[in-house]
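First comes the structure, then the notes that go with it.
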Amino acid sequence: MILAAIAALDEKNGSNKTSISKYIESKYRDLPAAHSTLLSHHLNRMKATGELIFWKNNYMKADPNAPPRRGRGRPPKSKVPLPPGIVVSPARPRGRPPKDPNAPPKPVKPKPATTGSEKPRGRPRKMAQSMEEVNGTATTTIVAMATGTGRPRGRPPKVRPASVTEVSVQY
């Protein structure tokens, strides 16, 4: 139906979707309600298969003798045939090359001597205070806080206030 409509309309620059749709509606009276959706689907399918050419918002029949239209982007390089007798080495495989199992191990570099203070980098670990230190007796017993002890992480649970009793007021 679409090819017949384009041939019957016989416009120089091709026929647009609206004119194709009007021609089909005038020629065939009992069309489904989704005619425009079906027409769009079939025009796109015919454009993708090469039966129709879409140019300047118009559809036209593809000329069988015309060269195929090139898409956007850089055109592919033309391949020059090699003379006979030349063997081409295979392409290098993708990815990282595998390690040689027979290669000698690399020498280990010694770490440079640290200069300046001997403190470790970063924030110091949190230390738990012993009960004696909290009470005021001066002992220097500081124990590193273990991960399961002490105060739990996060926000403490919400404490509900004591239940309020209802008081009735009489006048």
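Among pairs with a residue in residues 32-41, those fulfilling side-chain hydrogen bond (donor to acceptor under 3.5 Å, both in side chains) read Lys17-Ser40, Ser21-His35, at least two apart in sequence or across chains.
Linking ILVMFWY side-chain heavy atoms closer than 4.5 Å, directly or via other members, places Leu38 and Phe54 in two distinct hydrophobic clusters.
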Using atom types as modelled, flag every donor-acceptor pair under 3.5 Å from a side chain in residues 75-100 to any protein atom, sequence neighbours excluded.
from   : atom 1 : to     : atom 2 : distance (Å)
Asp100 : OD1    : Asn102 : N      : 3.4

Between side-chain atoms of residues 24-31 and protein atoms elsewhere (two or more places apart, or another chain), which donor-acceptor pairs fall under 3.5 Å?
from  : atom 1 : to    : atom 2 : distance (Å)
Ser26 : OG     : Lys22 : O      : 3.3
Ser26 : OG     : Tyr23 : O      : 2.8

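Once rounded to the nearest 0.5 Å, the distance linking CD1 of Ile6 with OG of Ser15 reads 5.5 Å. Distance CG/Asp10 to NZ/Lys61: 9.0 Å, rounded to 0.5 Å. Separation of atoms CE (Met60) and NZ (Lys12) is listed at 10.5 Å; rounding is to 0.5 Å.
Of all the heavy atoms in Leu43 and Leu52, the pair that sits closest is CD2-CD1, 3.7 Å. Considering all non-hydrogen atoms of both residues, Ala62 and Gly50 come closest at CB-O, 3.3 Å.
Every residue two or more places apart in sequence or in another chain that forms a side chain to side chain donor-acceptor pair (under 3.5 Å) with Glu51 is listed here: Thr49. Annotation: side chain to side chain donor-acceptor pair (under 3.5 Å) contacts of Ser19 (sequence neighbours excluded): Asn16.
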Check the pair Asn13 / Lys56 against side chain to side chain contact (heavy atoms under 4.5 Å, CB included), numbers first and verdict last. CA-CA 8 Å; Asn13 293 330; Lys56 289 190 177 178; over 6 Å; no

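Two residues are said to be in side-chain contact when any heavy atoms from C-beta on lie closer than 4.5 Å; Asn58 and Ile53 fail this criterion.
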